[in-house]
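Bear in mind that the values here come from a model prediction, so they are computed numbers and not experimental data. Just follow the structure's listing: the first ligand is 1, and inside any ligand the first atom is 1.
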Amino acid sequence: MRYMGLLQTYRDYLPVTDATPLLTLQEGNTPLVRAEKLSDELDLDVYFKYEGLNPTGSFKDRGMVMAVAKAMEEGSRTIMCASTGNTSAAAAAYAARGNLNCIVLIPNNNIALGKLAQAIIYGAKVIAIEGNFDRALEIVREITAKHPITLVNSVNPYRIEGQKTAAFEVVDQLGKAPDFLAIPVGNAGNITAYWKGFKEYHAKGRSSSLPKMIGFEAEGAMAIVKGEPIKNPETIATAIRIGNPASWDSAVNAANESGGQINYVTDEEILHAYRTIASKEGIFAEPASAASIAGVMKLKKEGYFRGGESVVCVLTGHGLKDPNIAIKSVSAEPVLVKDTEQDVMEAISRLEAQ
Ligand code: F0G
């Protein structure tokens, strides 16, 4: 049967009423890919929930389809968000689909090229501010409180509702809840949504257990780990360059209630994991996404796992979102040679000798 998107597929679990438009770009239904080599190396059963294969290339589509459908149902004409890039791409796409206006606020010079391109081509009004994401979100909250504009950041509860469907899919694809769910943490909406999803599915008898939630912030933006907001967050993983997560308390709750933890990874660990999953497993995810597998590698070294447990790592966004990082993070740029068979063969020999 043709896949009909999240609102239809999970209608019974979502705030979908007869008045809710069944908006869709066929979001969700993303693959759960087993990490063959890393499972052996880490002595774990590792899977990637490859959210980069959503229509705009990130998990944000799950929450955005729900939030935009509800905005349409309520008669809203305009949506607005602050974003490190992926939320704005998703908001812009679904606004285009649903004939709404879309305004996005982004931190100047700190969003990946692909994400900026998306927001622009889908027709959003894109405004860059001098401040960071946290400041952008404050401004969006102020404006949407005063004007008839719908806020579509993850503080909008419909976003969390849509995003929780990823947990349902994980359970259905694996045939059970995994022992651990590893996930990057930025504004902390997604870890909140997964935990809500796992609990709801469990309560409905769809799984017999719950995973331990292990969330990872980037070291330069580890507000939750430190226990205080970070004024000037910094990380190569611009998607999670956030110093004051909006869903802080519910992220801590997800970790505590599940018996997991919120930890952190360094930029170096992120980039190592990023290159490893691409070159060893054939999966290209953006740097922020790699925080999940980087975190699992770190905890493995610290002796956190017994061995053999199932671990699902959420790969939140596609690698093509941020092509500049990919090119910068490998030593070998393409070699330029003359257009003859001989020159190409010589170049191959030189590369093989390296
Ligand atoms: N991974 C990616 C690729 C993201 O874009 C984000 C968040 C996260 C992880 C963290 O998820 O915020 O729910 O904890 N990006 C937001 C944005 C902030 O504006 O696109 P979170």
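- Only side-chain heavy atoms of Glu286 come within less than 4.0 Å of ligand 1; its backbone N, CA, C and O stay farther off.
- Contacts of Thr192 with ligand 1, taken as heavy-atom pairs under 4.0 Å, are absent altogether.
- The aromatic rings of Tyr194 and Phe198 sit tilted, their planes meeting at an angle between 30° and 60°.
- From the protein, the heavy atom lying nearest to atom 20 (O) of ligand 1 is Thr87 N, 2.8 Å.
- Residue Ala188 places a heavy atom under 4.0 Å from ligand 1.
- At under 3.5 Å, not a single nitrogen or oxygen of Ser88, backbone or side chain, sits near a nitrogen or oxygen of ligand 1.
- Looking only at protein heavy atoms, the nearest one to atom 8 (C) of ligand 1 is Ile240 CG2, 3.6 Å.
- Of the N or O atoms in Gly189, one or more lie within a sub-3.5 Å distance of an N or O in ligand 1.
- Atoms of ligand 1 lying under 4.0 Å from any heavy atom of Ile242, numbered from 1 in the order shown and given with element: 18 (C).
- Using a 4.0 Å cut-off between heavy atoms, Asn153 makes no contact with ligand 1 at all.
- Taking the ring centroids of Tyr122 and Tyr94, they lie at or beyond the 6.0 Å cut-off.
- The number of heavy-atom neighbours closer than 6.0 Å to CG of Asn109, taken from other residues, nucleotides and ligands shown, is 12 or below.
- To the nearest 0.5 Å, atoms CD (Glu169) and CG (Asn29) are separated by 6.0 Å.
- In this pair, Phe168 and Tyr201 present their aromatic rings parallel. The plane angle is below 30°, not in the 30 to 60° band.
- Enclosure of atom CG in Leu351 by more than 12 non-hydrogen atoms of other residues, nucleotides or ligands within 6.0 angstrom is indicated.
- Considering backbone and side-chain N/O atoms, Val185 never comes within less than 3.5 Å of an N/O atom of ligand 1.
- A distance of 6.0 Å or more separates the ring centres of Tyr264 and Phe216.
- Given atom 9 (C) of ligand 1, the protein heavy atom at minimum distance is Thr316 OG1, 3.5 Å.
- The protein non-hydrogen atom at the shortest distance from atom 4 (C) of ligand 1 is Ala239 CB, 3.5 Å.
- Ligand 1 has no nitrogen or oxygen under 3.5 angstrom from a nitrogen or oxygen of Ile191.
- Nearest protein heavy-atom neighbour of atom 12 (O) of ligand 1: Asn187 N, 2.7 Å.
- Phe180 and Phe305 have perpendicular rings, their planes meeting at more than 60° on a 0 to 90° scale where under 30° would count as parallel.
- Residue-to-ligand polar distances place Thr84 within reach of ligand 1: an N/O pair is separated by less than 3.5 Å.
- Taking only nitrogen or oxygen atoms, main chain and side chain alike, Asn190 reaches within less than 3.5 Å of ligand 1.
- The protein heavy-atom contact nearest to atom 5 (O) of ligand 1 is Asn86 ND2, 2.8 Å.
- Of the N and O atoms on the side chains of Glu51 and Thr316, not one donor lies less than 3.5 Å from an acceptor on the other residue.
- For Lys60, a nitrogen or oxygen atom sits less than 3.5 Å from a nitrogen or oxygen atom of ligand 1, counting backbone and side chain alike.
- In terms of protein heavy atoms, atom 11 (O) of ligand 1 is closest to Phe59 CZ, 3.5 Å.
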